[in-house]
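What follows is one structure encoded as C-alpha cells, with my remarks underneath.
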Amino acid sequence: GGGIALLTALDLLRQGSRLKSLVLIDALALPQGIPWFMRLMRTPLLGPAVLACVPSRLMVGIVLRQAYYDSRMIERDAAAVYAQNFATPAGRYAQIQIAQHIVPVDLDEVIAGYARIDVPALVVWGRDDRIISFEHGRRLSAALAKARLFAVSECGHVPHEETPQRVIPAI
C-alpha cells in the first residue's frame with residue numbers, strides 16, 4: 001500500500017496535480033529482501049500450488065503472527081477476512097501478480113523521485129516490524145523532503161491495526 005501511495009504521489013506531481021499531504025504506514029519503498037511469503041508466491045508452479053492447496057486461513061494466520069508484535073492483538077475474525085482474498089482463483093491470481101510485481105523495474109528512479117515529494121508526509125512505523133525493518137522507516141523519512149517519522153513502540157508491521165489508539169491521533 002505505501003509503495004503504491006508513493007508511486008501515486010510521484011505521478012500526481014508529474015501531472016501538476018496538487019498533493020496536500022501523505023501518510024505512509026510501514027511502506028515497502030526501498031530495496032530490501034522480499035518477505036518469505038512473497039518469495040514463495042513468486043516461485044513458478046510452487047506459488048500457485050501452495051495458494052491452491054494450503055488452507056488460506058492457515059496461511060494468513062501465519063503471516064499475521066509475523067506481522068503483529070503481539071499476536072494477542074489479532075482480532076478473532078481478521079484471518080477469515082484476509083483469507084477471503086485467497087478464496088477464489090481470481091483472488092489467488094491477483095496475489096501472485098502482486099508478488100511478481102512488488103518491486104518496480106525502475107526502483108532506483110522511483111527512489112530518486114522521493115525527494116521531489118515536497119508535501120508534509122507522516123511516516124508511521126512499528127519499531128518491532130519483522131517484515132520491513134524500522135531502519136527502512138528512518139531511511140524513507142530521510143528521503144522525503146518534509147517527512148516526520150512516527151515510531152510506534154512494541155508494534156509490528158500493521159500499527160494502524162495493532163495500535164489504532166496511538167496511530168489514529170497521530171494521523
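Heavy-atom basis, side chains included; hydrogens, waters and symmetry copies ignored. Predicted, not measured: the structure shown is a model, and the values here were computed from it.
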Across all chains, not counting sequence neighbours, the side-chain hydrogen bond (donor to acceptor under 3.5 Å, both in side chains) partners of Asp70 are Arg72
Between atom CZ of Arg18 and atom CG of Leu13, what is the distance when rounded to the nearest 0.5 Å?
10.5 Å
Look up atom CD in Gln66 and atom CD1 in Ile131, then write down how far apart they are to the nearest 0.5 Å.
5.0 Å
Phe86 backbone acceptor or donor facing Arg92 side chain under 3.5 Å
yes
So, do Ser71 and Leu64 sit near enough that their side-chain heavy atoms are less than 4.5 Å apart?
no
Note, Arg42 side chain near Leu40 side chain (heavy atom, < 4.5 Å)
no
I'd like to know whether Arg166 forms a side-chain contact (heavy atoms from CB on, under 4.5 Å) with Ser153, so could you lay out the CA-CA distance, the side-chain angles of the two residues, the decisive distance to 0.1 Å, and finally the verdict.
CA-CA 10 Å; Arg166 290 189 266 170; Ser153 60; 3.5 Å; yes
Kindly check if the number of other-residue, nucleotide or ligand heavy atoms within 6.0 Å of CD (Glu109) is above 12?
no
Examine Arg127 relative to Phe134 and say whether NZ or CZ is less than 6.0 Å from the centre of the six-membered ring and inside a 45° cone about the ring axis.
yes
Are the side chain of Arg130 and the backbone of Arg65 linked by a donor-acceptor contact shorter than 3.5 Å?
yes
Going from CD on Gln95 to CD on Gln97, what distance comes out if it is rounded to the nearest 0.5 angstrom?
10.5 Å
Output all residues satisfying side-chain hydrogen bond (donor to acceptor under 3.5 Å, both in side chains) with Asp11, sequence neighbours left out; order by chain, then residue number.
Gln15
If Ile, Leu, Val, Met, Phe, Trp and Tyr residues are connected whenever their side-chain heavy atoms lie under 4.5 Å apart, and connections chain through other members, are Val158 and Ile171 in the same group?
no
Donor-acceptor contacts, no H, no angles, side chain residues 111-125, under 3.5 Å, sequence neighbours left out:
from: Tyr114; atom 1: OH; to: Ala29; atom 2: O; distance (Å): 2.7
from: Trp125; atom 1: NE1; to: Asp26; atom 2: OD2; distance (Å): 3.3
from: Trp125; atom 1: NE1; to: Ile132; atom 2: O; distance (Å): 3.1
from: Trp125; atom 1: NE1; to: Ser133; atom 2: O; distance (Å): 3.2

Starting from Val23, can I reach Leu12 by hopping between I/L/V/M/F/W/Y residues whose side chains sit under 4.5 Å apart?
no
I'd like to know if the side chain of Thr88 and the backbone of Gly91 have a donor-acceptor N/O pair within less than 3.5 Å.
yes
Neighbour count >12 (heavy atoms, 6.0 Å) for atom CG, Leu58:
yes
dist Leu149:CG -> Leu140:CG (nearest 0.5 Å) comes out at 9.0 Å
Val81 and Val60: side-chain contact (heavy atoms from CB on, under 4.5 Å), yes or no, with the steps?
CA-CA 9 Å; Val81 171; Val60 167; over 6 Å; no
Output the distance between atom CD (Glu162) and atom CG (Asp129), rounded to the nearest 0.5 Å.
9.5 Å
Roughly how far, to the nearest 0.5 Å, is the CE atom of Met41 from the CD1 atom of Ile98?
7.5 Å
Dump the intermediate steps for side-chain contact (heavy atoms from CB on, under 4.5 Å) on Met59 and Val50, then the final yes or no.
CA-CA 9 Å; Met59 194 168 30; Val50 167; 4.3 Å; yes
Please check if atom CG in Leu107 has more than 12 non-hydrogen atoms from other residues, nucleotides or ligands closer than 6.0 Å.
yes
For residues Ile74 and Phe37: do they belong to one hydrophobic cluster (side chain heavy atoms under 4.5 Å, members Ile, Leu, Val, Met, Phe, Trp, Tyr)?
yes
Hey, mind stepping through Tyr68 and Glu161 against side-chain contact (heavy atoms from CB on, under 4.5 Å) and telling me if it holds?
CA-CA 9 Å; Tyr68 276 69; Glu161 291 184 24; 2.9 Å; yes
